[in-house]
Amino acid sequence: MITYDVIEHGKPLQKVVKETPKPAGTEVLVRVTRSGVCHSDLHIWDGYFDLGGGKRFYVKERGCVPPFTMGHEPFGVVETLGPRARGVKVGQKRIVFPWIGCGKCPICKDALDNYCLNQRFVGVMRPGAYSTHLLVPHPRYLVDASGVDEAFASTLACSGLTAYSAINKLPKLNQRDWVAVLGCGGLGLVAVSILKAVGVRNVIACDVDETKLAAAKQLGAKKTLDTRAPEAARQLQELAGGYLAGAIDFVGMPATHAVAYPVLRKGGRYILCGLFGGEITLPMPPIAQRAVAVMGSYVGNLQELKAVVALAKKGKLKPTPVTTRPADEVNAVLEELKAGKVLGRMVLDLEHAVA
Ligand SMILES: [Zn+2]
Ligand SMILES: [Zn+2]
């Protein structure tokens with residue numbers, strides 16, 4: 001098999017030819033055809049997350065030590081089954097659910113793998129999909145996405161799922177309520193699309209890039225806000241008519257928090273997904289008095305992936321911009337993503353990768 005590996009943090013990935021693994025027990029070997037490139041791969045590539053105040057979280061503390069293979073948006077074809085793998089056939093095309101837990105603890109038994117304390121996340125703690133082949137521990141982590149474009153389907157494993165799970169955490173909305181989507185990169189755009197699909201009409205897309213705002217509008221955002229504007233928070237409050245019930249932050253920096261959190265309506269929720277980094281200080285009494293929540297949302301669970309895939313299969317999700325590039329261009333793709341030049345999602349074609 002061919003993999004594109006991080007050999008040293010921050011340095012170009014290298015193409016490596018390795019022996020293709022054989023599935024044992026319940027394992028399934030998937031031949032990867034498409035692999036989405038996620039913004040969080042940039043942090044894993046760099047080796048750390050910025051915690052603000054000069055503090056960093058290093059990915060090596062999660063067992064992510066080079067050399068390793070990134071890639072947590074896998075789509076592929078079932079190639080070989082382990083002797084105890086049931087419920088899936090060779091040749092079937094599947095999305096691989098990447099947020100795999102230990103499979104044994106009470107959290108995993110409740111199908112909340114993404115909250116497991118002994119995670120085995122694909123492309124983070126175990127080899128990922130920047131590879132022609134991927135070993136999946138159990139067939140239950142394979143999701144059928146028949147009829148959905150393969151490149152778009154791959155992006156549902158992280159960007160689609162993360163957006164869906166964050167939307168699931170919004171408070172109960174009434175007719176006057178508005179939801180702000182902060183950051184219209186790959187995640188923000190798919191969030192706008194999902195919000196529309198689940199019947200949330202009052203969406204304000206927020207970004208610093210007019211092209212991204214225009215794309216959000218096309219996908220169904222009713223209003224847009226350029227957050228570079230002076231008094232962006234006051235403008236957001238006006239756009240929402242004082243009824244900003246939820247803000248989903250796909251950037252996650254003090255500046256984006258400052259735009260939305262202070263103008264939430266009572267009972268509103270600020271849902272943080274983005275890992276740009278930094279730190280915030282919050283006066284405590286208003287949190288109680290305004291009954292607001294600051295809530296984190298990190299990827300999602302298997303049921304949520306199935307739910308978002310079902311929306312795509314029914315044709316309810318307006319497809320977000322997806323560009324497919326040869327796997328050999330992985331380093332250029334990462335650099336473009338880092339420079340903020342990417343509209344929507346970049347997906348690697350592993351199907352045609354040759355040694
Ligand atoms: Zn991701
Ligand atoms: Zn577990």
Side-chain angles (χ1 to χ4, degrees), residues 6 26 32 34-49 57 59 62-64 68-75 95-131 134 136-138 140-141 143 151-167 183-191 194 248-252 271-277 296-305 308-309 320 322 330 333-334 337-338 342 344-348:
V6 177
T26 60
V32 178
R34 295 289 181 271
S35 173
V37 179
C38 178
H39 205 273
S40 70
D41 286 335
L42 293 179
H43 298 288
I44 301 169
W45 181 34
D46 280 339
Y48 64 89
F49 291 85
F57 173 79
V59 298
R62 283 198 307 207
C64 204
F68 65 85
T69 315
M70 301 195 295
H72 54 258
E73 292 190 334
F75 185 92
I95 298 174
V96 179
F97 174 76
W99 315 110
I100 297 174
C102 71
K104 294 169 196 150
C105 74
I107 296 166
C108 287
K109 297 276 187 234
D110 281 345
L112 297 171
D113 282 65
N114 55 320
Y115 293 159
C116 175
L117 300 176
N118 292 301
Q119 296 158 347
R120 298 181 288 169
F121 290 179
V122 173
V124 187
M125 290 95 176
R126 52 185 290 137
Y130 291 7
S131 171
L134 186 65
V136 183
H138 195 282
R140 82 166 79 100
Y141 300 117
V143 177
F152 181 58
S154 80
T155 71
L156 296 176
C158 177
S159 83
L161 171 60
T162 300
Y164 185 87
S165 186
I167 289 164
C184 295
L187 267 89
L189 289 182
V190 77
I194 295 170
I248 306 175
D249 191 346
F250 292 110
V251 184
I271 300 157
L272 176 58
C273 295
L275 299 171
F276 186 90
S297 189
Y298 187 62
V299 298
N301 62 48
L302 186 55
Q303 279 316 312
E304 288 170 325
L305 178 59
V308 74
V309 169
T320 52
V322 171
V330 61
V333 168
L334 288 168
L337 195 59
K338 195 170 212 169
V342 174
R345 207 62 160 175
M346 284 289 196
V347 174
L348 299 176

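Whatever order the structure lists them in is the order used to number ligands and atoms, beginning at 1. It should be emphasised that the depicted structure is a prediction, and the values quoted were computed from it without experimental measurement.
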With rounding to 10 degrees, Cys38 SG, the Zn ion (ligand 1) and Cys158 SG define an angle of 130°

Could you point out which residue of Tyr48, Phe49, Phe57, Phe276 forms a ring-ring contact (aromatic ring centres under 6.0 Å, His included) with His43?
Phe49

In terms of ring plane angle, is the pair Trp99 and His72 parallel, tilted or perpendicular, where the classes change at 30° and 60°?
tilted

Going by chain and residue number, what protein N/O/S atoms come nearer than 2.8 Å to the Zn ion (ligand 2)?
Cys102 SG, Cys105 SG, Cys108 SG, Cys116 SG

Does any N, O or S atom of His72, backbone or side chain, fall under 2.8 Å from the Zn ion (ligand 1)?
yes

Any chance the side chains of Asp110 and Tyr115 put a donor and an acceptor closer than 3.5 Å?
no

Please determine whether side chain to side chain contact (heavy atoms under 4.5 Å, CB included) holds for the pair Tyr130 and Val37, giving the CA-CA distance in whole Å, both sets of side-chain angles, and the decisive distance to 0.1 Å.
CA-CA 9 Å; Tyr130 291 7; Val37 179; 3.4 Å; yes

Using atom types as modelled and distance alone, determine if a side-chain donor or acceptor of Asp113 lies under 3.5 Å from a backbone N or O of Ile100.
no

Pair Val6-Ile44, side chain to side chain contact (heavy atoms under 4.5 Å, CB included): steps then yes or no
CA-CA 9 Å; Val6 177; Ile44 301 169; 6.0 Å; no

Side chain Thr162, main chain Ser159, donor-acceptor under 3.5 Å
no

